[in-house]
2 protein chains.
Amino acid sequence: MPSERQKRTNDPEGMRQRVLDKTAEFFQTRGFHATSLGDVMTASGVSGGALHHHFPTKKALALAVIEERVAKVVRRTWMEPLQNAVSARDGVRLVFAAVADRLERQGFVRGCPLNNLAHELSLADPDFRAVLAGIFEEWRNAIADKMRADQQAGREIDVDPERFAASVVALYSGAMSMAKTAQDSSLLRLCARELGESGRDMLN
Amino acid sequence: MPSERQKRTNDPEGMRQRVLDKTAEFFQTRGFHATSLGDVMTASGVSGGALHHHFPTKKALALAVIEERVAKVVRRTWMEPLQNAVSARDGVRLVFAAVADRLERQGFVRGCPLNNLAHELSLADPDFRAVLAGIFEEWRNAIADKMRADQQAGREIDVDPERFAASVVALYSGAMSMAKTAQDSSLLRLCARELGESGRDMLN
DNA sequence: TTATAAACAGGATGATCACCCTGTTTTGGA
DNA sequence: TCCAAAACAGGGTGATCATCCTGTTTATAA
């Protein structure tokens, strides 16, 4: 039986996840440089020794956040809904609308976690840049693949899948940038309309 | 006549501009937080006292950089070429092409200075956010105004100028984000094609 | 010429930060 | 049961950074 002098319960995986959660949150609202490891330690209730044990450097922590949190957000927000959509174009419209809905409910815009970190870290470190570029590519590929599937079903024949994918990611990223800076989610909706309700729009 | 014990020549405005130049450069490649005032002092050959005399805080320096450098880049890159263009759509295409040309010549992508700082500073400080949002708005207004002028000449009747302007800024900002992260300016060209060469494109 | 303020120099300072080190506790397998 | 490794605690450390302060030099206006 556990004696009363058992003071600690080791939960390495739980502690790791707690650190990643809080760090991802701080990175999203303050960015990499404005987030201190002290902030992370206090917020996640982790000692300096434990933090260093799981993540030897701040860079290692950031890479884990990007690979295990940021990438996951992109997959859950974009790729999964897209695969379940009836078409590429419809899926993209649904994602734009879903994100705009969420932003309006929460009342403020923190921006796209991938873009936030990409801007701050892409030029700072080659390792950061490589991982971030990989997520962007995965994102574009998911959209292009869906569009190619549509085309194999005989639809959207005159569309270049790569160009469509890049433009959708660009439109979304840029719209989120503006929405974050203006703190106005209606800019996202405005850009979303450009994705074409009928056949006479920019992106149609 | 100037005696030989005249050791210094005061040039407050020149020194101010030199500081702004170097700071804008550092902000563009490293960002706000990764740029130390020591970096600025060494690079621009300015003493701590002089720097503090012209810009009492780092925030004041950053605000000056945004208002006197970043805003100017947007005006020179976007608004002036746009006003001289034959149409809004054509002007936008020209700017995309001009930027892509420059990026290819220089061989690397540092990104859009406005977006770079907007991502890092928008949520950090209300004053930063306000100034940055103002530049985005000015940018959008310039595009929308040009489109409205086209419409008064009977062209592009079925286009919403605000929507067009927001989408163009978003497409450009997002394309630059991707190009910067991938260090591949061809992504900008790919997105530029979405602006419509004939009449069957996303943005046409 | 002289007084006053602006312009500039350069070191001091306190706070912060990422990282490290030493030691203790817990865990799981031999 | 025991032992080695993993997990964790917490204080220390050198470096860096933004800001400040005191003093000196230059410009300007009376």
Side-chain angles (χ1 to χ4, degrees), chain A residues 1-23 26-27 29-66 117 120-121 124-125 127-128, chain B residues 1-23 26-27 29-66 117 120-121 124-125 127-128:
Chain A
M1 61 176 170
S3 83
E4 57 276 14
R5 76 179 77 88
Q6 179 104 2
K7 310 197 155 110
R8 216 177 62 204
T9 310
N10 284 3
D11 179 19
E13 196 50 32
M15 174 171 277
R16 212 186 104 93
Q17 298 302 321
R18 232 164 51 234
V19 169
L20 287 178
D21 285 342
K22 290 296 175 188
T23 309
F26 281 134
F27 281 4
T29 53
R30 310 183 188 174
F32 174 84
H33 285 104
T35 298
S36 78
L37 296 184
D39 293 340
V40 173
M41 284 164 51
T42 331
S44 53
V46 160
S47 71
L51 181 59
H52 183 261
H53 174 75
H54 289 285
F55 307 99
T57 64
K58 193 181 182 184
K59 175 178 173 175
L61 173 58
L63 282 173
V65 165
I66 295 171
L117 288 181
E120 195 178 359
L121 301 179
D125 186 292
D127 296 325
F128 285 145
Chain B
M1 61 177 171
S3 82
E4 56 276 14
R5 75 177 79 87
Q6 179 107 358
K7 313 200 155 111
R8 214 177 62 203
T9 311
N10 285 1
D11 178 20
E13 195 51 31
M15 174 170 276
R16 210 186 106 93
Q17 298 301 322
R18 233 164 51 235
V19 169
L20 287 177
D21 285 342
K22 289 298 175 187
T23 309
F26 281 134
F27 280 5
T29 54
R30 310 182 188 176
F32 173 85
H33 286 103
T35 299
S36 79
L37 296 184
D39 295 339
V40 173
M41 284 164 51
T42 331
S44 52
V46 159
S47 71
L51 181 60
H52 181 261
H53 175 74
H54 289 285
F55 307 99
T57 63
K58 192 180 183 186
K59 174 177 173 175
L61 174 58
L63 282 173
V65 166
I66 295 172
L117 289 181
E120 195 178 358
L121 301 179
D125 186 292
D127 297 325
F128 284 145

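From a predicted model like this one, the values you see are computed outputs, not experimental measurements. Proteins come first, then strands; the chains are lettered A, B, ... in the order of their sequence lines, and each starts at number 1.
One can find a donor-acceptor pair under 3.5 Å joining the base of C:dT25 and the side-chain atoms of A:Arg8.
Rounded to a whole Å, the CZ atom of A:Arg16 is 16 Å from the P atom of D:dA6. One interatomic measurement links the two molecules: CG of A:Asp11 to C1' of C:dT27, which rounds to 13 Å at whole-angstrom precision. Separating the CZ atom of A:Arg18 from the C1' atom of D:dA7 is a distance of 13 Å, rounded to the nearest angstrom. In this structure, CG of A:Asn10 is placed 17 Å from P of C:dT24, rounded to the nearest angstrom. For the pair A:Met15 CE and C:dT27 P, the interatomic distance rounds to 12 Å; values are reported in whole Å. Distance CD (A:Glu13) to C1' (D:dA7): 13 Å, rounded to an integer number of Å. Distance, B:Leu37 CG to C:dT13 P: 20 Å, rounded to whole Å. C:dA15 atom P lies 17 Å from atom CG of A:Asp39, rounded to whole Å.
Look at B:His52 and you won't find any side-chain N or O under 4.0 angstrom from OP1 or OP2 of D:dT19. For D:dA7, one of the phosphate oxygens OP1 or OP2 lies less than 4.0 angstrom from a side-chain nitrogen or oxygen of A:His53.
Around the NZ atom of A:Lys58, the shell of radius 6.0 Å holds more than 12 heavy atoms that belong to other residues, nucleotides or ligands.
Closest approach of A:Thr42 and A:Gly38 over heavy atoms only: OG1-O, 2.6 Å. Taking every heavy atom of both residues into account, B:Ala50 and B:Met15 meet most closely at CB-SD, 3.7 Å.
For the segment residues 54-61 of chain B, residues with any heavy atom less than 4.0 angstrom from an atom of DNA chain D are, sorted by number, B:Thr57, B:Lys58.
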For nucleotides 1-5 of chain D, list the nitrogen or oxygen atoms of the protein found under 3.5 Å from its nitrogen or oxygen atoms, one pair per line.
none

Contact string for nucleotides 11-16 of chain D, one letter per nucleotide 5' to 3', B = base within protein heavy-atom range under 4.0 Å, S = sugar-phosphate only, - = neither, reads ------

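In this structure, the separation between CG on A:Leu121 and CG on A:Asp127 is 11.5 Å, given to the nearest 0.5 Å. Here the straight-line distance linking atom CG of A:Leu51 with atom OG1 of A:Thr23 works out to 7.5 Å at 0.5 Å rounding. Rounded to the nearest 0.5 angstrom, A:Glu13 CD and A:Gln17 CD are separated by 5.0 Å.
Residues that satisfy the side-chain hydrogen bond (donor to acceptor under 3.5 Å, both in side chains) test with B:Asp39, not counting sequence neighbours, are B:Arg30, B:Ser36. Partners of B:Asp11 according to the salt bridge (charged side-chain N to carboxylate O under 4.0 Å, His left out) rule, which considers only residues two or more places apart in sequence or in another chain, do not exist here.
Between A:Val19 and A:Val40 the shortest side-chain heavy-atom distance falls below 4.5 Å.
Between A:Phe32 and A:Phe128, the angle of the ring planes goes over 60°, which puts this pair in the perpendicular group of the 30/60° scheme.
Under the side-chain hydrogen bond (donor to acceptor under 3.5 Å, both in side chains) criterion, no residue pair touches residues 44-55 of chain B, with sequence neighbours excluded.
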